[in-house]
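Counting starts at 1 for both ligands and their atoms, in listed order.
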Amino acid sequence: MRTEKDSHATSSLNDCRLITLNKHHHENGNLTVVEGEKELPFDIKRIYYIYDVPGGAERGGHSHKECASFLVAVSGSFNVEITDGVNKQVFTLNRSNTGLYIAPGIWRTLNNFSSGSVALSIASHNYDAGDYIYDYDDFLELTAHKRNND
Ligand code: TYD
């Protein structure tokens, strides 16, 4: 029987990757385009950005059951720590045309924001508070359950 625990995607860090986007270089400035299902492995449903982050602050701290994300430091830099419940990896995003694809079911924490940085997040789903796992112990339990039952 399918339970609530089964709705959390089973992904591993191998499903996450840096994606380098195109850069239309021009002497008057560069331009980068992102199109869903072209540059990114999902259709784009939502875009938001995080800015004016105070020094030392942390964002994220959750996983999504179904939503995939793509994060880019469109300005400045920040670190993204991701874990699938077993392995962890830290990425420093500091280029306007390189971002991190995060598969659903992966816990992410964003920190070490440089002053004035802007974190752009492109998402595969509309906002749904019910798609979030905010408790790390719950996340570990869910991912262990999935590993044992898939
Ligand atoms: P939150 O998910 O805590 O931000 P992050 O995890 O990226 O640090 O979201 C902060 C607030 O913004 C929270 O009250 C929910 C709201 N929010 C929306 O209303 N829609 C959205 O698409 C997102 C990402 C957040």
With hydrophobic residues grouped by side-chain heavy-atom distances under 4.5 Å, do F91 and F113 end up in a single group? yes
Checking side-chain contact (heavy atoms from CB on, under 4.5 Å) against V80, which of N111, T92, I102, V90 comes through? I102
Could you pull out every protein residue that has a heavy atom closer than 4.0 Å to ligand 1, ordered by chain and then number? R46, Y48, I50, R59, G60, H62, Y127, Y132, Y134
How about H26 and H24: are their ring centres within less than 6.0 Å of each other? no
Run the side-chain donor-acceptor check on residues 115-125: report pairs under 3.5 Å with partners two or more places apart or on a different chain.
{"from": "S117", "atom 1": "OG", "to": "S114", "atom 2": "O", "distance (Å)": "2.8"}
{"from": "S121", "atom 1": "OG", "to": "Y48", "atom 2": "OH", "distance (Å)": "3.3"}
{"from": "S124", "atom 1": "OG", "to": "A68", "atom 2": "N", "distance (Å)": "2.8"}
{"from": "S124", "atom 1": "OG", "to": "A68", "atom 2": "O", "distance (Å)": "3.4"}

Examine distances only and state if a side-chain atom of N112 and a backbone atom of F78 form a donor-acceptor pair shorter than 3.5 Å. no
What closest approach, in Å, do N97 and T32 show between heavy atoms, and which atom pair accounts for it? CB-OG1, 3.6 Å
